Asks: 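Pasting a structure below so you can have a look.
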Amino acid sequence: MSDNRPVSREICDVMTERMEERLAKHSETLDDLKECTVKLTQILEVHNEKLSDYGERLIHLERRPTRWAERVGTALISALAAALVSLLL
């Protein structure tokens, strides 16, 4: 229709109706996409909270061997000090 010829009213009405139907479908699709976006955002927030919790748990678990090694070291030093004291007495 780019050749600038006149279009009959019937053809114009049919094309307008088709365009309105397409626009309605696109509008529904956009509404569905907006709903999906909201749901995905909520899911991401929940996952981010869980990741944060997992990060804290991981840090806590990584510190455990260090604490255990410190306790063993302290116990050995205490045992050695007790042995030295008993030898001296």
Side-chain angles (χ1 to χ4, degrees):
M1 308 247 170
S2 63
D3 56 4
N4 295 330
R5 285 188 285 163
V7 178
S8 70
R9 181 71 178 175
E10 294 169 351
I11 293 175
C12 186
D13 289 342
V14 168
M15 291 180 70
T16 302
E17 186 178 324
R18 285 184 185 170
M19 283 299 232
E20 287 176 355
E21 288 173 2
R22 289 180 68 194
L23 286 173
K25 287 181 183 177
H26 288 300
S27 178
E28 290 174 10
T29 303
L30 285 173
D31 290 341
D32 291 343
L33 287 173
K34 286 178 185 177
E35 186 178 328
C36 287
T37 302
V38 168
K39 288 179 182 179
L40 285 172
T41 302
Q42 292 171 347
I43 290 170
L44 282 173
E45 289 174 358
V46 169
H47 283 294
N48 284 338
E49 289 175 11
K50 285 183 180 180
L51 281 175
S52 177
D53 291 343
Y54 291 150
E56 291 174 13
R57 288 180 59 202
L58 181 62
I59 290 170
H60 178 72
L61 290 172
E62 287 176 343
R63 288 182 185 162
R64 271 189 173 173
T66 305
R67 289 180 186 164
W68 182 80
E70 289 174 1
R71 289 178 185 164
V72 169
T74 304
L76 287 174
I77 292 171
S78 298
L80 287 173
L84 284 174
V85 168
S86 40
L87 280 177
L88 293 175
L89 293 176

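None of the values given here were measured: they were computed from a predicted structure. When a residue number appears, it is its place in the shown sequence, counting from 1.
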Asks: Could you grab the distance from atom CG of Leu51 to atom CG of Leu58, nearest 0.5 Å is fine?
Replies: 11.5 Å
Asks: Can you tell me which residue pairs pass the side chain to side chain donor-acceptor pair (under 3.5 Å) test with a partner in residues 24-41, sequence neighbours excluded?
Replies: Glu35-Lys39
Asks: Check this for me: does any side-chain nitrogen of one of Asp13 and Arg9 sit under 4.0 Å from a carboxylate oxygen of the other?
Replies: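 So Asp13 pairs with Arg9 through a salt bridge.
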Asks: List in chain and number order the residues that pass side chain to side chain contact (heavy atoms under 4.5 Å, CB included) with Val38, two or more places apart in sequence or in another chain; answer none if no residue qualifies.
Replies: Gln42
Asks: How many angstroms lie between CD in Glu45 and CD in Glu49, if you round to the nearest 0.5 Å?
Replies: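 Here the interatomic distance stands at 7.5 Å.
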Asks: Considering residues at least two apart in sequence or located in another chain, which fulfil the side chain to side chain contact (heavy atoms under 4.5 Å, CB included) criterion with Ser86?
Replies: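 Ser86 satisfies side chain to side chain contact (heavy atoms under 4.5 Å, CB included) with no residue once adjacent residues are dropped.
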